S.K.: 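My structure is below; once you've seen it, I'll send some questions.
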Amino acid sequence: MTAAERVRGWVKTAQSIAVLTGAGISAESGIPTFRDAGGLWKNFRAEDLATPQAFARDPKLVWEWYDWRRSLIAKAEPNRGHHALADLEKRTANFTLITQNVDGLHDRAGATHLLKVHGDIWTLRCTLCGKERHDARPSFPDLPPHCFCGGIERPGVVWFGERLPPEIWSQSEQAASAADVFLVVGTSALVYPAAGLVHLAKASGAKVVEVNPAETPVSGMVDFSWRAPAAQALPLLVS
Ligand code: BJW
Ligand code: ZN
């Protein structure tokens, strides 16, 4: 039996599967990742822009980055990787998809048990009154966008130094600790606490499978590393 066949067997017989995805699963939809070559925007790193301090200093600059990303995502389609996970959800008794992505491509592929630990790029939140709203316009005529109360709006995402949404986070921990199989797909596993779910799943007895063309800090502790792009590997893994 090949390693791939063995992994397919784990996936097929699992009662409970949890999946953690990162930017790599959307790479083949044409959305740049954060830390691979080509992920930089105007020479800024995610760590320079995805912070409350950067937004306080220059909300227009931070919004220009999000506006650029919104326009790319609006033109993108979910790929075979997103669809394979949506199919797997239908065939698995207990299935939870935990995503660090804010792009909404898992929703568009049909995922329903979906936990967005870093928020959603299509949600805006007022920095003055806290009101949230959905806005699917690919780009805004004026930046930064404003709330009816006059306050500046921010993207409804989680920046460095900010707490993850507590209820979503606790459901993510529960899913990771209850999983028989835990898939880690397209994430550099550098950003915590999300990356900690891999360790939690492993410590709770799950078979952990990584899908990533590159090595990551969790590669050494997983039960199998599938070194391939997600849109290629996931359809084979769940078939
Ligand atoms: C493919 C592929 C293909 C390519 N197929 N794969 C413990 C230790 C050290 C530090 C910390 C710690 N705990 C907390 C911290 C601090 C910090 C942190 O982790 N820093 C590290 C960077 C050092 N964490 C935080 O601040 C978090 N908050 C927090 O801890 O709060 C505590 C608190 C408590 C009480 C009160 C208040 C606070 C928040 C983290 C938020 C991260 N936010 C961002 C932006 C979100 C919004 C947006 O999208 O703009 O999230 S940053 C960015 O990184 C984004 C991503 O979700 C996240 C992870 O990136 P991801 O998805 O892994 O992408 P890449 O680019 O890194 O990797 C892509 C991968 O895909 C690569 O491996 C490729 O090989 C692969 N790939 N093609 C499959 N086709
Ligand atoms: Zn407001």
Side-chain angles (χ1 to χ4, degrees), residues 19-41 44-55 62-63 65-70 72-73 79-82 84-85 98-105 116-133 144-166 169 183-199 210-219 225-235 237:
V19 185
L20 173 69
T21 64
I25 195 169
S26 296
E28 287 150 286
S29 293
I31 302 171
T33 64
F34 293 95
R35 295 171 184 86
D36 295 307
L40 287 182
W41 175 78
F44 292 99
R45 300 172 309 140
E47 284 78 0
D48 300 329
L49 295 164
T51 73
Q53 293 77 15
F55 189 72
V62 173
W63 259 116
W65 181 47
Y66 281 95
D67 212 48
W68 171 71
R69 290 173 56 201
R70 284 167 65 106
L72 283 180
I73 296 165
N79 64 51
R80 283 162 56 84
H82 298 102
L85 292 179
I98 305 158
T99 188
Q100 299 169 84
N101 299 346
V102 300
D103 56 29
L105 292 184
K116 297 180 186 177
V117 294
H118 290 164
D120 185 327
I121 202 167
W122 305 108
T123 299
L124 272 60
R125 186 166 73 247
C126 177
T127 56
L128 202 57
C129 72
K131 192 166 174 292
E132 285 198 352
R133 68 183 179 92
H146 282 79
C147 175
F148 285 117
C149 82
I152 291 179
E153 288 173 309
R154 58 165 282 177
V157 301
V158 180
W159 286 327
F160 286 112
E162 295 183 325
R163 193 192 292 269
L164 277 56
W169 179 247
L183 307 177
V184 196
V185 182
T187 177
S188 60
L190 289 170
V191 174
Y192 280 79
L197 294 172
V198 185
H199 301 268
E210 176 176 57
V211 176
N212 196 316
E215 195 177 338
T216 75
V218 298
S219 299
S225 275
W226 195 318
R227 292 261 165 271
Q232 211 177 332
L234 288 175
L237 192 69

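Order of appearance sets the numbers: ligands from 1, and atoms from 1 within every ligand. Every value quoted in this text rests on a predicted model; they were computed, and no experiment measured them.
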S.K.: Counting heavy atoms only, which of Ala194, Pro193, Gly24 comes nearest to atom 30 (O) of ligand 1?
M.R.: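 Shortest heavy-atom distance from atom 30 (O) of ligand 1: Pro193.
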S.K.: Of the choices Arg227, Gln100, Arg45, Arg163, which has the non-hydrogen atom that lies closest to atom 35 (C) of ligand 1?
M.R.: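 Of the listed residues, Arg163 has the closest heavy atom.
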S.K.: Of all the non-hydrogen atoms in the protein, which one sits nearest to atom 4 (C) of ligand 1, and at what distance?
M.R.: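 The protein heavy atom lying closest is Asp36 OD2, 3.4 Å.
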S.K.: Ligand 1 and Phe34, any nitrogen or oxygen pair closer than 3.5 angstrom?
M.R.: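 Yes, Phe34 has an N/O under 3.5 Å of an N/O on ligand 1.
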S.K.: Is the side chain of His82 donor-acceptor paired with the backbone N or O of Asn79 at a distance under 3.5 Å, no angle test?
M.R.: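 Looks like yes, one N/O pair under 3.5 Å.
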S.K.: Can you find an N/O atom of Trp159 closer than 3.5 Å to an N/O atom of ligand 1?
M.R.: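 Between Trp159 and ligand 1 (N or O atoms, distance only) the closest approach is not under 3.5 Å.
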S.K.: Taking heavy atoms and a distance under 4.0 Å, where does Val102 meet ligand 1: side chain, backbone, both or neither?
M.R.: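 The part of Val102 near ligand 1 is the side chain, not the backbone.
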S.K.: May I ask you to check if ligand 1 and Ala27 share an N or O to N or O distance below 3.5 Å?
M.R.: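 No, there is no polar N/O contact under 3.5 Å.
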S.K.: Does ligand 1 have a heavy atom under 4.0 Å from the side chain of Val157, from its backbone, from both, or from neither?
M.R.: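 Within the 4.0 Å criterion, Val157 contacts ligand 1 through side-chain atoms alone.
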S.K.: Output yes when a side-chain donor or acceptor of Asp36 lies under 3.5 Å from a complementary backbone atom of Thr33, and no otherwise.
M.R.: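 Side chain of Asp36 to backbone of Thr33: no pair is present.
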S.K.: Specify side chain, backbone, both or neither for Glu28, according to which of its non-hydrogen atoms lie closer than 4.0 Å to ligand 1.
M.R.: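 Side chain only.
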S.K.: In the complex you have, is atom 59 (C) of ligand 1 within reach of the protein, judged by whether a heavy-atom distance drops under 4.0 Å?
M.R.: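 Under the 4.0 Å cut-off, atom 59 (C) of ligand 1 does have protein heavy-atom neighbours.
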S.K.: For Glu28, is there an ion pair with Arg80 - N to carboxylate O distance below 4.0 angstrom?
M.R.: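 Looking at Glu28 together with Arg80, the answer is no, because their closest N to O distance does not fall below 4.0 Å.
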S.K.: Measure Leu190 to ligand 1 on non-hydrogen atoms and call it side chain, backbone, both or neither using the 4.0 Å cut-off.
M.R.: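 Only the backbone of Leu190 comes within reach of ligand 1.
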S.K.: Measure the acute angle between the ring planes of Tyr66 and Trp159, then classify it against the limits of 30° and 60° as parallel, tilted or perpendicular.
M.R.: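 Taking Trp159 first and then Tyr66, their aromatic rings sit tilted (interplane angle of 30° to 60°).
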S.K.: Check whether Ser225 reaches the backbone of Arg227 with its side chain - one donor and one acceptor, N or O, closer than 3.5 Å.
M.R.: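 Such a contact is absent between Ser225 side chain and Arg227 backbone.
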S.K.: Answer with yes or no whether Arg69 contacts ligand 1, where contact means a heavy atom under 4.0 Å from a ligand atom.
M.R.: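 Contact check Arg69 vs ligand 1: positive.
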S.K.: Among Val185, Leu234, Thr99, Ile25, find the residue that satisfies the side-chain contact (heavy atoms from CB on, under 4.5 Å) test when tested with Val19.
M.R.: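 In the set Val185, Leu234, Thr99, Ile25, the residue that makes a side-chain contact (heavy atoms from CB on, under 4.5 Å) with Val19 is Val185.
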S.K.: To check you understand the geometry: which heavy-atom pair defines the closest contact between Pro165 and Val158, and what is its length?
M.R.: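 Looks like CD-CG2, 3.9 Å.
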S.K.: Decide whether a cation-pi geometry holds between Arg70 and Trp68; the criteria are a distance under 6.0 Å from NZ or CZ to the six-membered ring centre and an angle within 45° of the ring axis.
M.R.: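 Here Arg70 fails the 6.0 Å and 45° test against Trp68.
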S.K.: Starting from atom 67 (O) of ligand 1, find the nearest protein heavy-atom neighbour and note its residue, name and distance.
M.R.: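 So the nearest neighbour among protein heavy atoms is Ser188 OG, 2.6 Å.
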S.K.: Can you check whether Glu153 reaches Thr123 side chain to side chain, under 4.5 Å on heavy atoms?
M.R.: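 Side chain of Glu153 against side chain of Thr123, heavy atoms only: no contact under 4.5 Å found.
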S.K.: Closer than 3.5 angstrom, by distance alone: can the side chain of His146 be matched with the main-chain N or O of Pro144 as a donor-acceptor pair?
M.R.: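 Confirmed, His146 side chain pairs with Pro144 backbone.
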S.K.: Evaluate Ala23 for polar contact with ligand 1, using N/O atom pairs at a separation under 3.5 Å.
M.R.: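 By distance alone, the answer is yes.
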S.K.: Which atoms form the tightest heavy-atom contact between Ser188 and Thr216, and what is the distance?
M.R.: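 Nearest pair, atom of Ser188 first, then Thr216: O-CB, 3.7 Å.
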S.K.: Protein heavy atoms near atom 9 (C) of ligand 1, is at least one of them under 4.0 angstrom away?
M.R.: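 So far as the 4.0 Å threshold goes, atom 9 (C) of ligand 1 is out of reach of every protein heavy atom.
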S.K.: To the nearest 0.1 Å, how far is atom 17 (C) of ligand 1 from its closest protein heavy atom, and which atom is that?
M.R.: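 The protein heavy atom lying closest is Phe160 CD2, 3.7 Å.
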S.K.: Closest by any non-hydrogen atom to atom 43 (N) of ligand 1: pick that one out of Val158, Thr21, Val191.
M.R.: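 It is Val158 whose heavy atom sits nearest to atom 43 (N) of ligand 1.
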S.K.: Is there at least one pair of N or O atoms, one from Gly186 and one from ligand 1, spaced under 3.5 Å apart?
M.R.: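 So ligand 1 has an N or O lying under 3.5 Å from an N or O of Gly186.
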S.K.: So, regarding Arg35 and ligand 1 (criterion: nitrogen or oxygen to nitrogen or oxygen, under 3.5 Å), is there a contact or not?
M.R.: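 There is such a contact, yes.
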S.K.: Which is it for Tyr66 and ligand 1 at heavy atoms under 4.0 Å: side chain, backbone, both or neither?
M.R.: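 Within the 4.0 Å criterion, Tyr66 contacts ligand 1 through side-chain atoms alone.
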S.K.: Backbone or side chain, does any N or O of Gly161 fall under 3.5 Å from an N or O of ligand 1?
M.R.: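 For ligand 1, there is an N or O atom that lies under 3.5 Å from one belonging to Gly161.
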S.K.: Side chains of Val211 and Leu183: does their closest heavy-atom pair fall under 4.5 Å?
M.R.: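 SC-SC contact between Val211 and Leu183 ruled out.
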S.K.: Looking only at N/O atoms, are Tyr192 and ligand 1 under 3.5 Å apart anywhere?
M.R.: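 It does: an N or O of Tyr192 is found under 3.5 Å from an N or O of ligand 1.
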S.K.: Who's the nearest protein heavy-atom neighbour of atom 63 (O) of ligand 1, and how far?
M.R.: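 So the nearest neighbour among protein heavy atoms is Thr187 OG1, 2.6 Å.
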S.K.: Side chains of Phe34 and Leu190, heavy atoms from C-beta outward: is any pair under 4.5 Å?
M.R.: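 Contact flag for Phe34/Leu190 side chains = no.
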S.K.: Give the residue and atom name of whichever protein heavy atom lies nearest to atom 29 (C) of ligand 1, and the separation in Å to one decimal.
M.R.: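 Sorting protein heavy atoms by distance from atom 29 (C) of ligand 1 puts Glu162 O, 3.4 Å first.
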S.K.: So, Asn101 side chain and Ala23 main chain: donor-acceptor pair closer than 3.5 Å or not?
M.R.: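 Flag set: sc Asn101 to bb Ala23 pair under 3.5 Å.
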S.K.: Within the protein, is there a heavy atom lying under 4.0 Å from atom 45 (C) of ligand 1?
M.R.: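 So far as the 4.0 Å threshold goes, atom 45 (C) of ligand 1 is in reach of a protein heavy atom.
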S.K.: Starting from atom 51 (O) of ligand 1, what is the nearest protein heavy atom, named by residue and atom, and what distance separates them?
M.R.: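 Sorting protein heavy atoms by distance from atom 51 (O) of ligand 1 puts His118 ND1, 3.2 Å first.
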S.K.: Take atom CZ of Arg35 as the centre, draw a 6.0 Å sphere, and report whether it contains more than 12 heavy atoms from other residues, nucleotides or ligands.
M.R.: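 Counting neighbours around CZ of Arg35, more than 12 heavy atoms of other residues, nucleotides or ligands fall under 6.0 Å, so yes.
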S.K.: Under 3.5 Å between some N or O of ligand 1 and some N or O of Pro213?
M.R.: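 There is no such contact.
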S.K.: Less than 3.5 Å between some nitrogen or oxygen of Glu47 and one of ligand 1, yes or no?
M.R.: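 No; every N/O pair is 3.5 Å or more apart.
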